[in-house]
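Below is one structure, written out as structure tokens, with a few remarks after it.
We name chains A, B, ... by the order of the sequence lines, and we start the count at 1 in each one. Hydrogens, waters and symmetry mates play no part in the numbers below; they use all other heavy atoms, side chains included.
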2 protein chains.
Amino acid sequence: MPPRGRRTESLSKDAIVAAATEILDADGEDALTFRALAARLETGAGAIYWHVANKDELLTAAAADAIDRTLTGVDGIADPREALRAIALRVFDTVDDHPWVATHLARGLGQPGMIAVLDAVGQRVEELGVPTDRLFDTATAVLSYILGGAGQNAANARRHAQDAQAGSRAEALGQESQRWAGLDVDRYPFVRAMADSLRDHDDREQFLAGVELMLDGIGAQKR
Amino acid sequence: MPPRGRRTESLSKDAIVAAATEILDADGEDALTFRALAARLETGAGAIYWHVANKDELLTAAAADAIDRTLTGVDGIADPREALRAIALRVFDTVDDHPWVATHLARGLGQPGMIAVLDAVGQRVEELGVPTDRLFDTATAVLSYILGGAGQNAANARRHAQDAQAGSRAEALGQESQRWAGLDVDRYPFVRAMADSLRDHDDREQFLAGVELMLDGIGAQKR
DNA sequence: ACCTGAACACCGTTCAAGT
DNA sequence: ACCTGAACACCGTTCAAGT
């Protein structure tokens, strides 16, 4: 056993980001503090600042890693429609598994790694035959939907996890469905009518239905 | 002049939320602290806790008010397509004017006020003739796009405002455009090719183009 | 019932001091 | 060059004490 004092293994930005990701995945965004991170890395809180400028850089780097991992493999899919579905689902699942990533997806193209997502989406949109002068608008619209849909799902999942203290996710959904069914029919006729749909829906399928809607829109605009 | 001591006008949740909104609009999300809020209200920090449970409730209430204001007037538009464009633009402009609202839009249907947005969107989607079994998926997809697009725009605006320290928004956009033009053509061919489009694009028009894409998708799915 | 303001338990960040 | 850990300037929140 080494004597108390200097660390034996040296710190690195990669090791710090990896440890931060573990904390974020295990205990959520609030649990990531420099003190907790330092404890896990068996170092002092100030040591981390030698490798990362501040907490924002740390979170940005952790999210960028997660986003980079998201896209691996999708370039092997030949059909552009299939590829777009796959890209969308990858982002969706990444956010579902790591809700803390959603915060950084909301930063849009300012978030490192997001350029790669836009490029992947844009290439497939181009392959679908969208005219050059509509490529940018179309690709960013698809990206906006993907990020919005993934973010909404993560928010709903977080909320249902909170609501259902001891119960299951299905129970929380059932409770919200009942709340919808009890809404004023004059003020919220649509949402009220959707109470059953809410109870029975599947988040992934619903998200994919939106992707399909955009693909159909792209197809319609070609005519 | 009243003697130093007890406040003359009594506090209320509404007054607190209004003051919080002023701080948020004037100086951003980080500027809202209970101490700053108490100073503006000429009271003690602890007094606020008599009226709101905590900071989250305060921010949620402020965002809910902003969202409620967003929808006033859109129910007077008869044509469902026009109404959907108007709803989308209202949300977009609200987030553009009050970037701090974006954080709470990301909470989705858990955010008070959001049910009203979903209902407004859903009613118009229904009027477009979408079949009953696709109403829920379609309405939530449109909502996801609206929230995603508005959020992305707010993030980009925030970033460009930061980047362009003394310069204009157009300068910041030009700089980012040059960065895109300098990207590796093998790794990011699409984004690189979009450099000019980025420089010349208009955020609102781009957002609306996405709304149109969804409307066209809805039209295509009816067949 | 409502407000005051000091106190508490935390945080991100800095920095003199070490090796 | 890299790390330590105490210190600083803040926060959100609580609560005994006032009116």
Side-chain angles (χ1 to χ4, degrees), chain A residues 1-24 26-64 100 103-104 107 111 158 162, chain B residues 1-24 26-64 100 103-104 107 111 158 162:
Chain A
M1 189 187 272
R4 185 167 298 273
R6 217 78 190 311
R7 299 173 34 77
T8 44
E9 297 160 40
S10 68
L11 233 44
S12 69
K13 181 165 176 177
D14 282 352
I16 291 168
V17 170
T21 301
E22 286 174 27
I23 293 176
L24 288 164
D27 301 312
E29 213 156 350
D30 290 343
L32 182 66
T33 69
F34 275 76
R35 284 166 179 82
L37 188 56
R40 176 178 282 256
L41 290 165
E42 297 180 69
T43 182
I48 298 166
Y49 283 90
W50 186 263
H51 301 276
V52 300
N54 51 41
K55 191 172 184 179
D56 190 68
E57 185 186 305
L58 178 59
L59 281 164
T60 299
W100 54 272
T103 313
H104 288 257
R107 298 205 174 180
Q111 168 70 43
R158 226 184 302 217
Q162 277 184 338
Chain B
M1 189 185 272
R4 184 167 300 275
R6 215 82 190 310
R7 300 173 33 77
T8 44
E9 297 161 41
S10 68
L11 233 45
S12 69
K13 181 164 175 177
D14 282 351
I16 291 168
V17 170
T21 301
E22 286 174 26
I23 294 175
L24 289 164
D27 301 312
E29 212 157 348
D30 290 344
L32 182 66
T33 68
F34 275 76
R35 284 165 179 83
L37 188 56
R40 175 178 282 256
L41 291 165
E42 297 181 69
T43 182
I48 299 167
Y49 282 89
W50 186 263
H51 301 276
V52 300
N54 51 41
K55 191 172 184 178
D56 190 67
E57 185 186 305
L58 177 60
L59 281 164
T60 299
W100 54 272
T103 313
H104 288 258
R107 299 206 175 181
Q111 169 69 44
R158 225 184 303 215
Q162 276 185 338

What heavy-atom pair brings B/A19 and B/L41 nearest, and what distance separates the two atoms?
CB-CD2, 3.8 Å

Out of D/dT13, D/dC3, C/dG12, which has the shortest distance to the side chain of A/L11?
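Of the candidates, D/dC3 comes closest.
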
Which of these nucleotides, D/dC3, C/dT13, D/dT13, is closest to any side-chain atom of B/K55?
D/dT13

What does C/dC15 pair with, Watson-Crick or G-U, if both distances are under 3.5 Å?
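With both distances under 3.5 Å, C/dC15 matches D/dG5.
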
Close side-chain approach of A/T33 to A/I23, heavy-atom, < 4.5 Å
no

Please figure out whether A/D30 or A/G46 has its closest DNA chain C nucleotide nearer the 5' end.
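Its nearest nucleotide being more 5', the pick is A/D30.
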
Between [X] ([atom1]) and [N] ([atom2]), how many Å, whole number?
X: B/L37; N: D/dT13; atom1: CG; atom2: P; result: 12 Å
X: B/N54; N: D/dT14; atom1: CG; atom2: P; result: 8 Å
X: B/Y49; N: D/dT14; atom1: OH; atom2: C1'; result: 9 Å
X: A/L58; N: C/dT13; atom1: CG; atom2: P; result: 10 Å
X: A/I48; N: C/dT14; atom1: CD1; atom2: C1'; result: 14 Å
X: A/R35; N: D/dA7; atom1: CZ; atom2: P; result: 13 Å
X: A/E42; N: D/dG5; atom1: CD; atom2: P; result: 12 Å
X: B/F34; N: D/dC10; atom1: CZ; atom2: P; result: 18 Å

What nucleic acid atoms does B/L32 come within less than 4.0 Å of, heavy atoms only: base, sugar-phosphate, or nothing?
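It contacts sugar-phosphate atoms only.
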
More 5' along DNA chain D: A/H51 or B/D56, using each one's nearest nucleotide?
A/H51

Do the side chain of B/K13 and the main chain of B/L58 share a donor and acceptor less than 3.5 angstrom apart?
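Not confirmed, B/K13 side chain does not pair with B/L58 backbone.
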
Does any N or O in the side chain of A/Q111 come within less than 3.5 Å of the main-chain N or O of A/A63, such that one atom is a donor and the other an acceptor?
no

Check whether any side-chain nitrogen or oxygen of A/W50 sits under 4.0 Å from OP1 or OP2 of D/dC3, and answer yes or no.
no

A/D30: what forms a side chain to side chain donor-acceptor pair (under 3.5 Å) with it, not counting sequence neighbours?
none

